[in-house]
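Report on the following structure.
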There are 2 protein chains.
Amino acid sequence: MLSKKTKYAFHALTYLGKHRDQKTVLIQDISEEYGISHKFLENILLELKKAGILGSKKGKGGGYYLIKDPKDVPLSKVIRLLDGPIALLPCVSLNYYEPCVECKDEVKCGLNKVMIQVRDEMLNVLENKTLADILDKE
Amino acid sequence: MLSKKTKYAFHALTYLGKHRDQKTVLIQDISEEYGISHKFLENILLELKKAGILGSKKGKGGGYYLIKDPKDVPLSKVIRLLDGPIALLPCVSLNYYEPCVECKDEVKCGLNKVMIQVRDEMLNVLENKTLADILDKE
DNA sequence: TATAAAACCTATAAAAAAGATAGGGTAATT
DNA sequence: AATTACCCTATCTTTTTTATAGGTTTTATA
């Protein structure tokens, strides 16, 4: 399951996507819309900004706005950013690889082989579905 | 990512699958092979037994053994048993459904719609890959 | 230029979940 | 009868997640 952080990130991105006509959106608008703590959401939006998905403007009249085209924001990117690895095991993660301590030889591990296949099929979905798909269905 | 519990379950099932020629396998054999705490593994094997995947025999000469054909043990079954939902959001889980508290109307939620698609594609993989696939690669 | 509004930053606390351990009870086999 | 190993429950520890707190910087505008 996704963490709340990631789920909230998707909600926020959806909200920002739906309000691309206006220059900026306040954290508070989003936090009220979904009943998310202002401060908690703040951290999430900051991460999305650092990742280059959102832009922001400080001061009065400021707020956040989407700088990427929704079709260029794959689900995989948001999940990796807030939740970490998409792979089901550390030993098959592309971005967060770690060997399994209990595994003597990864090359001979059948679980490893199968999980690589699972990872690739999951990635195929999560890299091709984007924020645009979410917005299309709203 | 899968929990250690689920990963250990897959290891144990693999071990049992590889030793189907012998009547029973001791918990200790598995825990030593993978360096898993005996007691921790005990709980895992118990759950697998309750789920009808393993059988056991008490007393001297006892132990665990696989009662299902490996090709009839899909990854999804093991994951659901030890880790819970496969879906990325509670509101799209088939086996562990819960509404999202922040969601006013699930029917109008684009995130919900997309995550249903993601779930179906993930399930397609996890229900078709089985213990047999792991054993084949060992 | 003062003020208010808003994002930005860092640290920490609280809660929940995962991981691990303990100790015994019960049943079956030799 | 003793041994062996499954079975069960409870508790403790650690890690992760979730949430909060308090201050700093930037910007618009009156």
Side-chain angles (χ1 to χ4, degrees), chain A residues 1-9 11-12 16 22-32 34-51 53-67 79 81-85 88-90 96 98 100-102, chain B residues 1-9 11-12 16 22-32 34-51 53-67 79 81-85 88-90 96 98 100-102:
Chain A
M1 297 264 279
L2 298 178
S3 66
K4 287 192 178 182
K5 229 173 174 175
T6 304
K7 184 166 68 165
Y8 292 164
H11 282 317
L16 286 162
Q22 61 191 82
K23 284 201 189 72
T24 62
V25 170
L26 299 183
I27 293 178
Q28 193 170 350
D29 292 344
I30 304 172
S31 77
E32 282 175 1
Y34 298 101
I36 306 168
S37 140
H38 181 106
K39 282 289 189 179
F40 194 49
L41 186 58
E42 197 174 293
N43 291 320
I44 296 166
L45 295 179
L46 261 180
E47 288 200 64
L48 291 170
K49 186 198 165 179
K50 285 176 189 163
I53 298 170
L54 301 183
S56 67
K57 191 164 178 294
K58 284 186 180 179
K60 196 167 188 174
Y64 282 96
Y65 50 93
L66 202 59
I67 54 177
I79 294 174
L81 193 64
L82 282 310
D83 249 16
L88 296 184
L89 294 180
Y96 299 85
E98 276 182 57
C100 293
V101 285
E102 78 278 10
Chain B
M1 298 265 276
L2 298 179
S3 66
K4 287 192 179 183
K5 230 173 173 173
T6 303
K7 185 167 66 165
Y8 292 164
H11 281 317
L16 287 162
Q22 60 191 84
K23 285 201 188 73
T24 62
V25 169
L26 300 184
I27 292 179
Q28 193 170 347
D29 292 345
I30 304 172
S31 77
E32 282 175 2
Y34 298 102
I36 307 168
S37 138
H38 180 105
K39 283 290 191 181
F40 195 47
L41 185 57
E42 199 174 292
N43 290 321
I44 295 167
L45 295 179
L46 262 178
E47 288 199 65
L48 291 170
K49 187 197 165 177
K50 284 178 190 162
I53 298 170
L54 300 184
S56 65
K57 189 166 177 291
K58 286 186 180 177
K60 195 166 189 178
Y64 281 98
Y65 51 92
L66 202 59
I67 54 178
I79 294 174
L81 193 65
L82 283 309
D83 250 17
L88 296 183
L89 294 179
Y96 300 83
E98 276 182 58
C100 293
V101 285
E102 77 278 9

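Labels below follow one simple rule: chain letters A, B, ... track the order of the sequence lines, proteins then strands, and each chain is numbered from 1.
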Of the non-hydrogen atoms in B/L41 and B/S31, which two are nearest, and what is the gap between them? CD2-N, 3.5 Å

Rounded to whole angstroms, how far apart are NZ on B/K23 and C1' on C/dT29? 13 Å

Could you identify which residues of residues 24-32 of chain B place a heavy atom less than 4.0 Å from some atom of DNA chain C, listed by residue number, or say none? none

Using a 3.5 Å limit on both pairing distances, list the dot-bracket string of DNA chain C from the 5' end; Watson-Crick and G-U wobble pairs count, crossing pairs take [ ], interstrand pairs take |. ||||||||||||||||||||||||||||||

Distance in angstrom units between B/K4 NZ and C/dA20 C1', rounded: 10 Å

For B/E102, the salt bridge (charged side-chain N to carboxylate O under 4.0 Å, His left out) test, sequence neighbours excluded, returns A/K7

Sorted by chain and number, sequence neighbours left out, side chain to side chain contact (heavy atoms under 4.5 Å, CB included) with A/Q22 holds for A/H19, A/V25

Just jot down the side chain to side chain contact (heavy atoms under 4.5 Å, CB included) partners of B/K57, sequence neighbours excluded, or say none. B/T24, B/Y65

Residue among A/H38, A/E32, A/K39 satisfying side chain to side chain contact (heavy atoms under 4.5 Å, CB included) with A/I27: A/H38

Could you state the interatomic distance from CG (A/L16) to CD1 (A/I30), rounded to the nearest 0.5 Å? 4.0 Å

Pairwise side-chain contact, B/L66 with B/I53, heavy-atom cut-off 4.5 Å (strictly under): yes

A/L46: what forms a side chain to side chain contact (heavy atoms under 4.5 Å, CB included) with it, not counting sequence neighbours? A/Y64

Tell me every residue that passes ring-ring contact (aromatic ring centres under 6.0 Å, His included) with A/Y34, counting only those two or more places apart in sequence or in another chain. A/H11

Please list, by residue number, the residues of residues 54-67 of chain A whose heavy atoms come closer than 4.0 Å to an atom of DNA chain D; answer none if no residue qualifies. A/K57, A/K58, A/G59, A/K60

Can you tell me how far CE of A/M1 sits from CG of B/L89, rounded to the nearest 0.5 angstrom? 7.0 Å

Within this structure, what is the CG-CG distance for the pair A/L54 and A/L48, rounded to the nearest 0.5 Å? 5.0 Å

Rounded distance (nearest 0.5 Å) linking atom NZ of A/K4 with atom SG of B/C100: 9.5 Å

Sequence neighbours left out, what passes salt bridge (charged side-chain N to carboxylate O under 4.0 Å, His left out) with A/K5? Give chain and number order. A/E47

At the 4.0 Å heavy-atom cut-off to chain A, mark where contacts on DNA chain D begin and end, going 5' to 3'. D/dT18 to D/dA28

Those residues that, when tested against B/K60, pass side chain to side chain contact (heavy atoms under 4.5 Å, CB included) (two or more places apart): none

Can you list, in residue-number order, the parts of residues 38-50 of chain B that come under 4.0 Å of DNA chain D, counting heavy atoms only? B/K39, B/E42, B/L46, B/K49, B/K50

Nearest 0.5 Å please: distance from the OG1 atom of B/T6 over to the CD1 atom of B/I79. 7.0 Å

